[in-house]
Novice: 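Let me begin by handing over the structure; questions about it come next.
Given the structure is predicted, the values throughout are model-derived calculations rather than measurements. Each chain gets a letter, A, B and so on, in the order its sequence line appears, and its residues count up from 1.
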Amino acid sequence: MSKSDNLLRLEHVSKNFDLKGRGEVNAVRDVSLTVKSGEIVGIVGESGCGKSTLARLITCIEPVTCGQIFFDVREISSFRGKELRAYRKQVQMIFQDPSNVFSPRMKIGTFLMEPWRNFEHTSRPEAMRLAVEALKNVNLDEDYLKKYPHQLSGGELQRISIARAVALHPKLLICDEATSALDVSTQSQIINLLKDNHKKSEYSILMISHDLALAENFCDRIAVMYLGSIVEILPGRGLRKNARHPYTKALLDSVFSVHGDPEKKIRILTGEPPSPVNVPAGCAFCGRCPYGDSKCERETPQLKNIDFQHQVACHKEELPR
Amino acid sequence: MIQYIAKRLVQLIAVLFGVTFLTFMITQAAPSDAAQMQYISMGTIPSEELLEQTREEMGLNDPVLVQYGRWLWNVLHGDLGTSTKFSESVLTQMSRKLPMTIELAAVSGVIMVLIAFPLGILSAVKKNKWIDYLIRFLSFFGISMPNFWLGLLLMYVFAVRLGWFHVVSTNDIAGIVLPVATLTIPMVCTYVRQIRAAVLEELNSNYVVGARSRGISERRIIFGHVLPNALLPIVTLIGLSVGHLLGGAAIIETLFSWQGIGNMVVEAIRVRDYPLIQGYVIWMAVIYVMVNLLVDIMYRLLDPQIRLRKKVD
Amino acid sequence: GTQGTENTAVSEESSAEENGSEAADAGDTGEKHVNVAFFWITPTLDPAVDYQGWVTCRLGVGEALVKLNDDLEVEGCVADSWENIDDTTWEFHIRDGITFSNGTPVTAEAAKASLERAIEMNDRAAEYLKVDMIEADDQTLTITTTEPNAALLNNLVEPVFCIIDTTQSEESIETAPIGTGPYVISSFSPEQTVELVKNDTYWDGEPGLDTITVTQIADADARTMALQSGEVDITNTIDNTSVTLFTNNSDYNVSSIISPRVNVAYMNNAQSSPLHDIELRKAISYGVNREAYAELIGGSVAHSAYSDATPFGNDTITAYTYDPEQAVEILDAAGYVDVDGDGYRELPDGSGMNLRYLQAADHGSADSAILATAVQSDLKEIGIQVEIFSVENLTEYQTEGNFDFYTGNDNSAPTGDPQIWLETMYTDLGTSGKSNLTGFQNDRIDEIIEEMDTAFDPEERYALAAEASQILNDEAANLFLTNSYLNMVSVAKVKNAIQPVADFYFITKDITVE
Amino acid sequence: MNVLEFQDISVIYQNGKTAVHNVSFTVPEHSIVAVVGESGSGKSTLIRAAMGLLSTGGSVSQGRILFEGENLLGFSKEQIRSIRGSEMAMIFQDAGDYLNPRRKIGPQYIETIRCHIQVSKKEAGQIALDMLSRLKLADPERIMRSYPFQLSGGMRQRAAIAMAMSMHPKLLLADEPTSALDVTVQAQVVQEMLKLREDMGTAIVIVTHNMGVASRMADYIAVMKNGYLREFGARDQVINAPRDEYTQQMLMAVPELEDEQIVKIR
Amino acid sequence: MGQASEEKGAVIHRYKEWKRHGRKALLKPAMTKKGKWLRFIIFAILALAVLFIAFLGPVLAPYDPLATDYGASLSPPSPEHWFGTDNVGRDVLSRILYGAGNSFSLTFIMVAAVSVIGTLIGMVSGYFGGILDTIIMRFTDILLAFPDTVFAIAVVGMIGPGLLNTILALSLVWWTKYARLTRGLASVMRSKDFIIQAKFGGVKTPGILFRYILPNVLPQVVVTMTLDIGGMMLSLAGLSFLGLASQPPTPEWGYMLYEGKSYLQTAPWIMLFAGLAIFITVLVFNLLGDSLRDILDPKEE
Ligand SMILES: Nc1ncnc2c1ncn2[C@@H]1O[C@H](COP(=O)(O)OP(=O)(O)OP(=O)(O)O)[C@@H](O)[C@H]1O
Ligand SMILES: Nc1ncnc2c1ncn2[C@@H]1O[C@H](COP(=O)(O)OP(=O)(O)OP(=O)(O)O)[C@@H](O)[C@H]1O
Ligand SMILES: [Mg+2]
Ligand SMILES: [Mg+2]
Ligand code: NI
């Protein structure tokens, strides 16, 4: 395994939030995952399953409770000060709601120049020039430099975020539901922008989403999360065909297709995900799983390779497709 | 619940310790110590040796912590020391003044609630009608008025000119009307705005839209949903301001010669009666503790979200 | 008390037309009642403690062996006659048939017990009498002093020596001491109110009222307004400006006299202060316009440490008159000139001079503040810079000696005798020089005080006092500014509410209502 | 017969913004109409106008809204109140938000019922429980005893639907009832609503972002943009042969799973 | 302490604000933007007028505020002395005009000092959180529980009266208000996406504090400051009225009230005009702060 092969490697990463006397939230549980250079990896799962937390762990915004995260072979939890800043220069993030990402009282120009000014110590005029260029890169003109965030639409703001994120050529871009706050048409523009950009420069993308269809369209590999842990990692293409884990299947069944047959019976998964507070041992999905048995209740299934680029965490590997 | 109260009590006792320690330390920082004060209260200038001897007798040369410990020990045994001004035990002094302050606080509190609530609700419900504008306009006046000035004007008009009420505190209606009015007018003005805001906040929340969509009548919405919910912040605040009132409205009490604790502390400060000031601060700390506890309990009782959080998770 | 409440109700109804001076009527009962406001009621009423006796005495409850009349001369009271047997022996005859208000006869034995209790409990009492021994025989009380004490007779008027029934329990002495006065305490709430009823067995005739409610109103303005609102019928020590509200008003009686109190701006004679220089003090003495002050706050111009109300020698004393030119001359001559051109003079050595004037409010009266402001303003005229510090705890600053001036409104003859005052304020002699805060020192004054110990003839004492006064003036020891007025104001119904000169008296048997 | 009919409706807000421009469409009996469009296009405004629940400062500036042939805009406050909740009901995106957070579901439910029919509390409670069990909610008694925040989002939404349905209204207006829910739960709610129509014949107007949901549920689809109605038509026509350019664009932009895309291409 | 006390703390804080100024009507009439600005401009002009008078007081005053004239003491308002004279014959109008300067400069200094200190502490405490934050917040909790003036009085009582001490005492209580305000805002902002985003832009901690957090708390701080001018002025006047703050003969409004109190009946103009001066000023600044809030408060949007 050469260095350039694995850009990011998560090993048994867990994150608990202490609720001060009211238990612990097991937001991320024993997650192992790798992202190769240039690869686009999707993480899908329902709300509250720990996707954002995972992103925050990777970006050192929250410390891990246990486990290790390697970036280019270096363990990131020890990063402080300068190192941390250097790391963040290589790992950039795009957030779900663009309107939260901008300081309401800072002009777009200042916002855009920030990376050059801080990381490269570029002079103001030079940074300005680079900012204009970055704007062009996302199909916006330089008028935007003088505007305030509230004067722009969500789509425009998200483009500006992207412009800034890719400005210093990061190695990894994390998109935390980067499009879910936007309208479908804006969403597809942004996705296309990301795709184009990714083609041009060779960074990896960790794409967090709850939209399976979107992930399928965009990602090389997809990790499905349920209640803090990864239940299945499968190739991006042909989800319906490949899905093995009962939860992944249930997810796929819940998606309403625009062009699907309206008379088709809806197959629903009963119940709702349990609370992430003090998650018991055993398969987390067990309670809602049609195939769950006593073993599932007792033992936590581990991710196992079952195919090329395909891992499943389920005791019932032999289940029909 | 009981467990919770116990837990809070322990925390609050810690606060009490903190406050007493702080006061004790501030007193230490004062320019003259207890020995000097003793002579000063007798109107004499002691010689250095005499002072030193007295200090030794009074234990003022011990380490501060020892002194604090001793003082606290006494306090815990109900001995708050002797007021230098009145040469009388602080406890007696305070137990004499407290009922007066409590009386004033209670009457003012009740009257304030009785006036502020209807006005505040009216103002909110009639938002942007002329009555709302009037109430809010007047409330600005009440808030901007120096209350001692108001008190003097009231005193002049209603006691001196009209002779309806008393200038000096007495326990009857004629005596209490003016101090209560002076105290409540600014308070009512602030509360009216607060109640209005709280009610409006509730009125603007989604559950009101929800209730309307279910066809529930406006009256029911206001009296059955909005008011009880608006009560939580308001009741808390009222509890707190009663706490403040119990601390004594120093200026008003002084103005109306009301023999309460606020008046007492102003006088004590004038004459540097440290034991009395300390006694007062302890009283304030006790009020703080009580009010805090009450507010917390109230919160738990009134807000199911907090009361039941444990069960939810 | 119920009485007070009833009256209030009456006044409330009638107030619309008549401004409530009805209070004294006491409705249908025909009982004679008045409401009185004191500026001070003590936590207890035990006359032997601190200055609490003053309140007991003002209430008309306690009486001493002897009392002061309005010429500040000693008159008989519980004792009807006395004799100075020799330099150290005094013999008093207790009035025959006099009883405490509870009916117990006042014997010499009872008086002795009362005096001894006071001496034991109060340092001031011991100081005043210097008693060696007290003997009682039937109605004759003999006091022997340790040294000649010519001031003893006068000092016995001090309310600390109120004769009370010491057979009472200590607790009841605190709340309701039994004295021989015209009124008896029926209820007491500390620092608030005292209810009095008349003493039916009073030795000096029938008291004019049946019941009295005395309330503490500390603030002078509040007392004024309470009088106007009809809450009280009699009060005293209200500000001079407020008195104008009642004079020329037939609804009220005003009784106004010059008091033994003198408004003084004490000057720091000690080395630490620039005022150590007598030339500077003289210049300042010339620079203040006392006449204007007397006009401003009411009162008369003070000539010396002793008020015009006292019998000792004011007209013989040459005092300073307002003469700014003279002041300027003195200052120039002594080298106090304005070198830096800021309008204020510097010290002869060229360093800045900014005099600290400590001002403290006295019983809520504004007079001291007005005087301070006026002195400051006048001294500015002759180029002396004064900075005023309003302080509440004057004593603290005094003890530190950190002042140039401080205010005082002091009774220089509390017992109608000049000695005590001179001794405490102007000498460092013996143990008594406790309050000599200004660092004044003069050999002749020290001698005068010693002479006074044995000067049993009042005229002689007065002469000595006058001499001392002159010395204080010559030395420009302090700024004796004005003699205050004492006022007592009562509503028209009340008769004989006269302000006594000695201000530890207030309620007398003569006060009555129509 | 049409349950609801928008006739040339315009809505204007106090700040001068016209949020809905001349919108007309009808909701036939027993039908489901989905209103789709990008955010801010006036979807919520439109259905709130029908309920008379426009947020502060909003008013219908023109047009008529006919409910069973009668103009709602001409109703008195009391009239409109009495049909709200009984004849026409509404559910919102986050049901929890639209219930009083400090009162239990039960009392609020009972209160609603008793606002419309004269029954005792007990009877009302029974009606409520019936409705809840009818919607296959596990443990209806517990739901009645719970505060809104004690229930999960899906439960709350379904409880809200139950509340809305207990008077058997002719029309249910749903403002993004599934947007706040997880996909798996969303499927449950969609199914529930479809069943409602089948069982009770309630006409439903559902506002949604999700074209998939609209396509699955609706008989008719209304597409809005910037306050204008761009297209209104039967589901098959709008999905498969959109006439409006914007509709076409939008449908193109919706990502689809691979196997469904095949359908699309075909 | 859990959320209960956090929330309660917030409520208490709001209460304090209300109590001091009582203008926290969260929801204003739905005024148009223009109306809001108009209101603000009117009050701003009024406030400027008051300030103008305050700073030009010495020029406008017809007399020396310290010049005594015993002969003319306590003379009622007249063409020579518009507002009459006081007990030593000083011109009340001149004293009020000079006093404006004193009252204002004091109030401004105090408000400025207190807000800077409080904001800094609050920002740091809110952004970093942790034990320091806990301590600061408990401390402010306790201070919040004391009646403001009484606490200041108590502190003055212990360290001695005087203007400087009074300012110190008031500041000691008052900074907590700003600390609480900014702490609340900062601790919410801390986990906001835009702060995290700033880290991705390589901004260092001071940069985050001063370039990201500060500009966003500033409007609220400014509103509070404007409202505080009134509150502070009242508190100061209250302490002066108890004779604990200003020293004679400095013309200062609170002290003038204190001096004038004895002449309530014989020379009511002293109190009347001094009181009116305070009242009008406080009113103007309250209204200004209120209208400023309308403009700056994002809640309104
Ligand atoms: N700071 C925190 N303290 C306590 N619990 C937290 C904290 N942050 C997240 N959680 C909890 O951890 C779990 C995972 O949250 P996370 O935000 O990672 O979910 P998510 O998958 O991103 O959800 P969504 O799709 O809604 O964004 C949730 O139950 C959440 O409540
Ligand atoms: N109370 C209001 N005052 C002023 N403008 C409003 C108000 N409510 C909504 N608007 C405006 O009206 C327009 C339509 O809003 P509406 O909420 O109906 O859109 P929507 O289609 O429901 O959007 P979303 O999908 O985001 O819910 C928007 O531009 C909005 O800004
Ligand atoms: Mg997330
Ligand atoms: Mg909407
Ligand atoms: Ni399983």
Novice: Between E/Ile280 and chain B, with a heavy-atom cut-off of 4.5 Å, which part of the residue counts as in contact: side chain, backbone, both or neither?
Specialist: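 Looking at E/Ile280, nothing touches chain B.
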Novice: Identify which part of E/Leu257 has an atom lying under 4.5 Å from any heavy atom of chain B, answering side chain, backbone, both or neither.
Specialist: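 The side chain, not the backbone.
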Novice: Can you tell me which portion of B/Leu255 sits under 4.5 Å from chain E's heavy atoms? Options are side chain, backbone, both or neither.
Specialist: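 Only the side chain of B/Leu255 comes within 4.5 Å of chain E.
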Novice: Minimum heavy-atom separation for E/Gly238 and B/Phe148, please, with both atom names.
Specialist: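 Distance-wise, the nearest heavy atoms are CA-CE2, 3.4 Å.
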Novice: Please step through side chain to side chain contact (heavy atoms under 4.5 Å, CB included) for the pair B/Phe140 and E/Leu287, ending with a clear verdict.
Specialist: CA-CA 8 Å; B/Phe140 262 109; E/Leu287 289 167; 3.7 Å; yes
Novice: Closest approach of B/Ile143 and E/Leu234, non-hydrogen atoms and distance?
Specialist: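 Closest approach of B/Ile143 to E/Leu234: O-CD1, 3.6 Å.
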Novice: Can you list every pair that meets salt bridge (Lys or Arg N to Asp or Glu O under 4.0 Å) and has a residue in residues 260-279 of chain E, with sequence neighbours left out?
Specialist: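 Matches after skipping sequence neighbours: C/Asp219-E/Lys261, C/Asp221-E/Lys261.
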Novice: Side chain to side chain contact (heavy atoms under 4.5 Å, CB included) with E/Val111: which residues, sequence neighbours excluded?
Specialist: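 Residues passing side chain to side chain contact (heavy atoms under 4.5 Å, CB included) with E/Val111: E/Thr107, E/Tyr178, E/Met225, E/Asp228, E/Ile229, E/Met232.
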Novice: Can you find a pair of side-chain heavy atoms, one from B/Trp149 and one from E/Ile278, that are under 4.5 Å apart?
Specialist: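 The answer is no; the side chains never approach within 4.5 Å.
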